[in-house]
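A note on names: the letters A, B, ... follow the listed sequences, proteins ahead of strands, and every chain is numbered from 1.
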Amino acid sequence: MGMKFWVLLQRDVLVAWRKKSNIYQPLVFQLLIVTMFPLGLGAGAQTLQKIAPAVVWILALISTLITLENIFKDDYEDGSLGLYVLSGLPLPVAVLAKAGAHWLTTGLPVILFAPVIAVLLHLPGYAYGVLMLSLLMATPIFSLLGTVGSALIMNLKNGGMLLSVLIMPLLAPVLIFGAGAVLETTLGNNPNGHLALLAGCFVLALTLAPLAAAAAIKVNLE
Amino acid sequence: MNKIVKFYHEMGSPPSFYRITGYWLKPFFVLALALTVYGLIDGLFFAPPDYQQGDSYRIMFVHVPAAWMSLFIYAIIGVCGLIAFVWRMKVAEAVMMASAPIGALFTALTLLTGMLWGKPMWGTYWDWDARMTSELILLFLYIGVMGIYSAYDDDPRKAARLAALVAIIGLINLPIIRYSVEWWTSIHQGASISLMGGNSGIKDWSMLRPLLVMALATKFYYLYSMLHRARNYLLRTEQNKSWVMRQLTEQ
Amino acid sequence: MSLNNLNPHTSLQSTILHISHAQCQKGGEPLFAPINLRLERGEMAVISGRNGSGKTTLLEAVAGLGSFCEGGMEFDHPDSPDSWLQHSHYVGHFLGNKASLTCLENLNFAATMNGSSSHENQLSAALDQVGLGGYEYHHAGDLSAGQKKRLALSRLLILNKTYWLLDEPFVNLDVAGCDWLFECISHHINNGGAALLTAHDNKRIHEKADHLIHLERP
């Protein structure tokens with residue numbers, strides 16, 4: 001089982017690595033959008049600093065959101081979904097492997113890129129630690145919930161919009177706790193409460209999302 | 001006891017569900033109509049004006065029952081979704097999908113009346129307070145359930161099972177949303193003016209009476225409308241079964 | 001051509017696939033009249049029917065990527081009755097190749113997922129047999145339609161499965177490829193394997209079939 005898990009994860013990372021646009025597109029997207037904020041809001045450091053925690057966070061979220069659709073859709077369309085669904089590997093474990101690979105190829109770059117966005121928005125220096133920590137806990141949640149959304153729409157032609165509607169309510173609490181943690185830090189407050197709740201969301205997503213995604217795949221294959 | 005068990009089993013099979021609920025439609029409709037008329041007249045003309053809000057509080061008699069229904073119906077959708085998903089019960093699918101648009105409507109009504117109430121109270125149509133925000137997210141949950149169903153319209157059975165899954169996920173998510181949104185507003189803003197600001201005034205029986213009547217009226221309207229939709233849903237999805245043929249030729 | 005696919009440990013046991021009164025549905029409607037099949041080792045069954053009669057849906061249901069709405073299937077195996085997935089392999093219309101992976105990587109992934117980790121030499125040999133020798137490091141997406149098919153079929157040579165479930169395996173193959181595949185399936189059957197397949201325009205395979213399943217309107 002462990003072997004199959006790693007092979008699936010490895011394969012997905014390799015596929016993403018071969019098609020590098022998958023990896024850099026979300027980052028380019030973030031850069032494009034962040035440029036629009038000073039253009040629209042005015043370049044005053046004070047204004048930007050105020051919205052920085054929220055914008056960095058929302059950009060991380062949206063740039064991940066646009067990559068979620070294909071987690072299972074690609075595999076469904078080229079038939080390779082069958083190779084792991086029928087492999088005897090428990091489906092929730094396969095989902096975990098898919099989520100892991102998605103995090104490595106999307107979540108991790110987003111975390112590493114976040115300081116760049118933060119600099120552009122004048123985020124105060126002492127908030128960087130909490131920003132990185134909050135994204136480190138939240139990006140796996142994006143990937144995990146993404147598997148659920150992607151599994152629900154995997155055989156739809158234009159499922160992207162529906163996917164956003166389906167997982168936005170799931171992501172709202174994550175955004176509240178994550179962006180809240182950074183905001184509290186910039187205001188000089190203790191972000192630990194937010195971070196603890198974010199960790200709780202992570203544990204919940206880790207346990208329930210693979211089951212939900214596996215159930216959705218099974219229904220879709222019926 | 002036996003009667004209850006028998007009733008339970010009958011309600012699980014589409015033909016007897018269709019037959020039995022046929023007798024209920026008219027009474028429910030009449031009750032809903034009568035209670036609404038009574039409740040509105042009582043609320044709009046006979047209930048005393050609020051000592052703080054004057055007459056503008058009277059929108060509460062629509063707003064509050066609608067808000068209750070929006071949550072109540074989502075709970076029903078979630079429970080039916082669970083039943084539909086685990087036991088593949090067709091009637092549960094029908095009730096779930098029949099409830100979704102009604103619940104969405106009540107949610108939209110809650111938001112709309114809340115905005116209209118907010119203008120005189122807060123001086124603005126929209127305020128991101130905890131109740132309004134979670135009500136808005138609730139609307140997204142409804143749209144999600146209906147959206148996934150209509151996306152798979154070529155296969156109603158699969159559509160219903162996926163919608164059931166979405167509803168279950170939403171049901172788990174709902175308390176988390178409510179809690180997180182409350183946490184969020186309590187930190188970012190001072191306590192916002194509660195729409196139920198005249199909470200002390202609500203203890204007045206002449207104010208409470210129309211509110212309870214309207215709450216009952218919305219329940220009966222929901223039952224009437226939901227059963228009507230659920231029956232049509234069953235006719236549509238079972239159109240090749242013999243009981244539908246019999247039903248349609250009889251009429 | 002030496003095609004010794006069969007695992008010596010399982011070759012002695014007799015296994016039977018029973019499909020009884022099975023129907024598949026689409027949008028709540030049954031696609032075809034109930035079918036029955038008893039497929040033993042050493043036998044081949046061919047499914048025929050007009051377009052849209054549910055051939056692919058039936059094969060997917062047998063493979064485990066779909067479901068029957070009525071009836072069902074059983075797998076009789078003396079040791080482990082729940083081991084259908086370990087004894088069958090499905091090559092469908094969607095072949096299962098990842099376009100951005102090389103032939104070797106694709107084959108290796110399929111092998112490992114199925115629990116038969118093969119040495120690179122074996123994988124290369126299998127690619128050689130299907131006529132993809134020298135293409136080991138080509139991306140699957142760069143291959144022609146026929147070559148993609150061959151790559152998918154090469155999985156069968158590596159995976160040591162008794163039951164081959166093939167959806168239109170001859171489509172896109174050239175004449176030599178069809179001949180090779182016919183030989184390959186025959187060899188598999190003669191060595192105690194079994195195959196369930198659709199092949200809408202291949203007379204030879206219809207003549208060789210032990211069972212013909214014609215899907216009719218319900």
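- Atom CZ of B:Arg19 is surrounded by more than 12 heavy atoms from other residues, nucleotides or ligands within 6.0 Å.
- Of all residues spanning residues 152-176 of chain B, those with a heavy atom less than 4.5 Å away from chain C's heavy atoms are B:Asp154, B:Asp155, B:Pro156, arranged by number.
- Atom NE2 of C:His206 has more than 12 neighbouring heavy atoms from other residues, nucleotides or ligands inside a 6.0 Å radius.
- Crowding of C:Tyr163 atom OH: a count of heavy atoms from other residues, nucleotides or ligands under 6.0 Å exceeding 12.
- Within 6.0 Å of atom OH in B:Tyr222, more than 12 heavy atoms from other residues, nucleotides or ligands are found, so the atom counts as buried in its surroundings.
- Atom CD of C:Glu74 has 12 or fewer neighbouring heavy atoms from other residues, nucleotides or ligands inside a 6.0 Å radius.
- Counting non-hydrogen atoms of neighbouring residues, nucleotides and ligands closer than 6.0 angstrom, the NE2 atom of C:His18 exceeds 12 such neighbours.
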